[in-house]
Each structure stands twice: as structure tokens, then as C-alpha cells.
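Everything below concerns the one structure shown next.
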Protein chains: 2
Amino acid sequence: MRELDIGEVSRRSGVSASALRYYEEIGLIRPIGRRGLRRQYDEAVLERLALVALGRAAGFSLEEIASIFAQGRPRIDRARLAARADELDATIRTLAAMRDGLRHAAACRAPSHLECPTFRRLMRAAVAGAFEPVMAAPSRAAPKRSRARKRA
Amino acid sequence: MRELDIGEVSRRSGVSASALRYYEEIGLIRPIGRRGLRRQYDEAVLERLALVALGRAAGFSLEEIASIFAQGRPRIDRARLAARADELDATIRTLAAMRDGLRHAAACRAPSHLECPTFRRLMRAAVAGAFEPVMAAPSRAAPKRSRARKRA
DNA sequence: GCTTGACCTCAAGTCGACTTGAAGTCGTAC
DNA sequence: GTACGACTTCAAGTCGACTTGAGGTCAAGC
């Protein structure tokens, strides 16, 4: 079982050394030991990092990913995956609506966009918050969007 | 032409008063005057805020939106809209791939996800960065992703 | 005259995921 | 023996879009 130092892990995983130290700090990974000061990693860390990369790509926060690893072996919850898939589906539909609206506006021949009914409809939808949950990755943890109450 | 104070603009636009002040600071909106200390707005600000909301929803940063308003009348560039639509399309395809992968993984009967070929393929794709440009809204302005160089 | 409430300014704080910088420790090569 | 390069620690900085807090102003109503 070869031991890897942080530089090699970084090269092979595409994750910077500083990020690896950060991941360790938040409990995502752990070196198998030290040689002098230097962290030594097991090759298995690469698999774990791949899982982290996948989790991030799927929109999970590092904290959520850490919780998956929490009790020893990675415990991947199928229901959670399905839920995330559903969220992605909703996001995709919203983005598709936006894309179609943008395409129309790009093609529209109205003298000003403000006179294009489709464009105005999009504007109204945006104000109404129709696009708000876009990329509602639990990660973004919306900074207390108090969303000024409509009519007190 | 009725004058609105910041509270009413907030109520009618769904944008908090502090956010309105912030928007003013970065040059996105401007009151038509003051009454005492209080900002007074023209109703036209509501339209502008709707445009801001739409721009945000489409993934533009406030800075980019401000540049649209820069020279007097909003100058919406059709090519820009089309480009953003194309980006959204790419994002949608990526998200769809992720969604399908997650759904498969959720349904997969392999004893461990690590033994599921589909799941492993997803992991490899994530490491390779296949999902990185997801939601590549120019807004996110990737904080110098130096992306640890593969093999120096 | 005093309270209330809605506004004001300005500086500082928040969120997540890192990066950067300063200062120090090693092993190896010259 | 000393320079180099790769590592180490720890605190602080970064990004965007705001929010929060302290302390102040002002008109209206009691």
C-alpha cells in the first residue's frame, strides 16, 4: 500500500494542497499518518476525493458530504440521491423556461425589449420569484432572504 | 407622477430597503430626489428593478446588469442574451446528465455504490471536471480555481 | 414635550470554500 | 554547510450580494 504525500494526492485528484488541508480540517479526509511533519495518504483517499467531487457536482455542500462519511464507511442514502435528482429536475425546467425566454428576446423584433410581451412576461415572472429556487443547492444556504414582505 | 418612498418601493418590488440602498451604491438605481433625508423614487424604478430581477435570474451579476443600464436607456444586447441562452443550454445538459446518474444510483441494487459501474463512471466524470462549468454564471467569477496542475 | 416609526449613514459582519502570506521545518543535492 | 524545494502552521483575506448594528434625523400624533 503506497503512501502518497500531499503533492501527489493533489496532482492525481486535481484538488489543491491547500484545499486538501482544508478538507482535513472539516473532517472530510484524513492522512494515514505523518512522516516528519508531512502528511502521508493512503491511495484510498483518491476514491474518497472522487466521491467528494461527485457530491459537489451534484450540489451537496462539503458539510453534507462530510455527514455521508461521518460513521466510518460512506453511507450513501438512496432517498437523498433521488431527492436531489428531483431538485435538479425542477431546476432544469426553470432554466429551460429562462433559456426559451432569452432566445425569444434575442430574436424578437420589437423596437425595445420593454415592448415585447414575452419579455415583459419574463420580467414579471422574475419579480414574482418564479426563478428564485434556481440552483437551490442546499449549499447556497440562502443568507436569510427575508424577501421584503408584500404589503406588510 | 407619484413619488414613492423606499418602503413602498420595497413592498412593490420585493427588494429589501437595504438592498435598494446597496443597488444605489453600485449605480443600479437612483432616486429622483430626497424629501428631507428620505429618498424619493419615480414609479419607473419598479420597471428597472424588474429588469434587475430578470437579469439576476438569467445569471448575470449586478455589475453586468449595471453595465446594461450604464449609458442612459437600458441597452440590451441581443447577442448577449443568445449567448446566455446557449450557456443555459449547456448547463441544462450537464444537470440532466447528473440527474440521470443520481436516479440510476438511487435505484441501483449493487451492494455498495462503489461497485456500481454507472456510479463509478459518474465519479470519474466529476474528477475530470465534466461538471465544473455547471451554473457557470459569470457572476460566480470562480475565485481563481488554479485547479492543481495535472502532473506539473 | 415626548414617543413612535420610518427613514438615514457608515462600518462591519455573513455565507461557503477556499487561497494567500508570513514564518518555520525537513531531507536531499551540490 | 548551505541552498533548494516541498512541505508545515496559523491567521487573515477573497468573492458577491447583501444584512446587521449602532447611533442619528425627522414628521406626525398624543
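Lettering follows sequence order; numbering is per chain, from 1. Just so it is clear, the values below take in all heavy atoms, side chains as well, and ignore hydrogens, waters and symmetry mates.
The two residues A/Ala17 and A/Ser10 have their closest heavy-atom pair at N-OG, 3.8 Å. The two residues A/Ala19 and A/Val15 have their closest heavy-atom pair at CB-CG1, 3.6 Å.
The base of D/dA6 lies close enough to the side chain of A/Arg38 for a donor and an acceptor atom to sit less than 3.5 Å apart.
What separates CG of B/Leu37 from P of D/dA27 is a distance of 9 Å, to the nearest Å. Atoms CD (A/Glu25) and C1' (D/dA11) sit 11 Å apart, rounded to a whole Å. Atom CZ of B/Arg11 and atom C1' of C/dC7 are 12 Å apart (whole Å). Remark: C1' of D/dA17 and CD of B/Glu64 are 14 Å apart, rounded to the nearest angstrom. One interatomic measurement links the two molecules: CD of B/Glu63 to P of D/dC18, which rounds to 14 Å at whole-angstrom precision. In this structure, B/Arg39 places its CZ atom 11 Å from P of C/dC7, rounding to the nearest Å. Rounded to whole Å, the distance from CD1 on B/Ile6 to P on C/dG5 is 19 Å. A/Gln40 has its CD atom 13 Å from the C1' atom of C/dC26, to the nearest Å.
For D/dC18, one of the phosphate oxygens OP1 or OP2 lies less than 4.0 angstrom from a side-chain nitrogen or oxygen of B/Tyr23. One finds no side-chain N or O of B/Ser16 lying less than 4.0 angstrom from the OP1 or OP2 phosphate oxygen of D/dC18.
Under the 4.0 Å criterion applied to side-chain N and carboxylate O atoms, B/Glu3 and B/Arg35 are not assigned as salt-bridge partners.
Of the residues near DNA chain C, A/Leu62 and A/Arg21, the one whose nearest nucleotide (by heavy atom distance) lies more toward the 5' end is A/Leu62.
Put simply, the side chain of B/Phe60 does not reach to within 4.5 Å of the side chain of B/Ile68, judged on heavy atoms.
For A/Glu63, the CD atom is loosely surrounded, since the number of other residues' heavy atoms within 6.0 Å does not exceed 12.
Taking the side chain of B/Ser18 as heavy atoms from C-beta on, and the options C/dA17, D/dC18, D/dT19, the nearest nucleotide is D/dT19. Listed nucleotides: D/dT8, C/dA17, D/dA17. Nearest to the side chain of A/Arg34: D/dT8.
Here B/Arg35 lies out of heavy-atom contact (under 4.0 Å) with every strand.
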